[in-house]
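Whatever order the structure lists ligands and atoms in, that order sets their numbers, starting from 1. The figures that follow rest on heavy atoms only: side chains count, while hydrogens, waters and symmetry mates do not. Everything numeric in this text was worked out from a predicted model, so none of it was measured. We count residues from 1, following the sequence as given.
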Amino acid sequence: MRVLQAAFPEWREAEPARVEAVERCHTAAYVELVGSISEPTWLDADTPASVTTFEAALLSAGAAIAAVEVGGFAIARPPGHHALPSGAMGFCIFNSAAVAARHAQAELGLGRIAVLDWDVHHGNGTQEIFWDDATVLFVSLHQWPFYPGSGGPNEQADTIVNVPMSAGSGDEEYLHAFEHVVAPALERFAPELVIVSAGFDAHEHDPLAGMRVTAEGFRELARRTASLAPRLAAVLEGGYNLETLPGLVGAALEGFGADR
Ligand SMILES: [Zn+2]
């Protein structure tokens, strides 16, 4: 957060999401559990939490809601796309992109929404939240097989599109997949809003994964996404090289045509 705030000094703080907004995607019992944490603990093998986690996760989801409202980019952590309806997973507490999508439907009068997830990991939480919801298209590009193990080639549904990518894939493979799978899916679904779960851990210098996407590749993915989206918002997911992350977010912002 510090390196991104330094790189984009015009950032604005969002309001925390209201509990009712989070409960559109998560059970009341789970939200209450996160709110009751009073000392450092682990919510799953990868997900530490403490007394400030509830506030941080509400702020992160609130930033995603604000991004949807203004057509912006939520520079926020914790990320969200592994968070399940009733549990934390993989650094994620509340599923900010999903909360923002449901907010757009409930409060902004939007109907059909697409969530495009190009984080290097499969957005299993988002997929689970929207599996039975025909009003939300979920499209995920991710390294597979890889954490969290889901999102394989046979895991598909009418409004769930998984694009598993081999380790070592770079700009050429990602843009090929975008042209042949992602763009046709978006065009067929015709969403009123596209929310990008924008992780940058598929970058060639990211320490957590094995992909070779470059800054230019993220810029082009963003540009092509914007060309297919009547309304657009983005939510930061992964991206773990603090030296490259600001430049990658900047490249995506240029591609989106966002007002920085
Ligand atoms: Zn990731």
Side-chain angles (χ1 to χ4, degrees), residues 1 3-4 25 42-49 56-57 60-61 63-64 67 73-84 87-101 115-130 138-152 155 160-171 173-174 177-178 182 195-215 217-218 221-222 225 233-249 251-252:
M1 292 300 299
V3 295
L4 290 170
C25 297
W42 291 85
L43 295 177
D44 91 332
D46 298 311
T47 314
S60 193
F73 193 120
I75 294 174
R77 288 274 168 86
H81 73 153
H82 297 306
L84 299 160
M89 185 172 165
F91 315 154
C92 300
I93 308 294
F94 297 144
N95 197 311
S96 300
V99 167
V115 177
L116 170 59
D117 186 330
W118 72 49
D119 186 280
V120 79
H121 303 97
H122 179 234
N124 62 300
T126 315
Q127 171 174 295
E128 184 160 326
I129 289 166
F130 294 124
F138 177 67
V139 183
S140 181
L141 297 156
H142 47 268
Q143 183 174 330
W144 190 89
F146 198 49
Y147 182 90
S150 50
E155 203 170 298
I160 301 288
V161 177
N162 281 312
V163 190
M165 310 278 292
S166 302
S169 296
D171 296 355
E173 291 80 9
Y174 270 77
F178 194 99
V182 178
I195 300 173
V196 179
S197 266
F200 296 92
D201 38 11
H203 184 251
E204 55 185 344
H205 296 140
D206 194 274
L208 256 58
M211 297 308 218
R212 295 178 182 149
V213 180
T214 69
F218 284 114
L221 285 172
T225 302
V235 178
L236 181 66
E237 300 282 0
Y240 302 99
N241 181 329
L242 298 185
E243 290 178 11
T244 58
L245 186 59
L248 300 178
V249 171

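- A 6.0 Å sphere centred on CZ of Arg77 holds more than 12 heavy atoms belonging to other residues, nucleotides or ligands.
- The CD1 atom of Ile195 sits 11.5 Å away from atom CG of Asp117, with the distance rounded to the nearest 0.5 Å.
- Closest non-hydrogen pair, Ser140 versus His121, comes out as OG-O, 4.5 Å.
- Closest approach between the Zn ion (ligand 1) and any N/O/S atom of His121 involves ND1.
- Vertex the Zn ion (ligand 1); arms to Asp201 OD2 and Asp119 OD1; angle rounded to 10 degrees, 110°.
- In terms of heavy-atom proximity, Phe200 sits nearest to Asp206 at O-OD2, 3.9 Å.
- Among the atoms of Glu237, none of the N, O or S atoms falls under 2.8 Å from the Zn ion (ligand 1).
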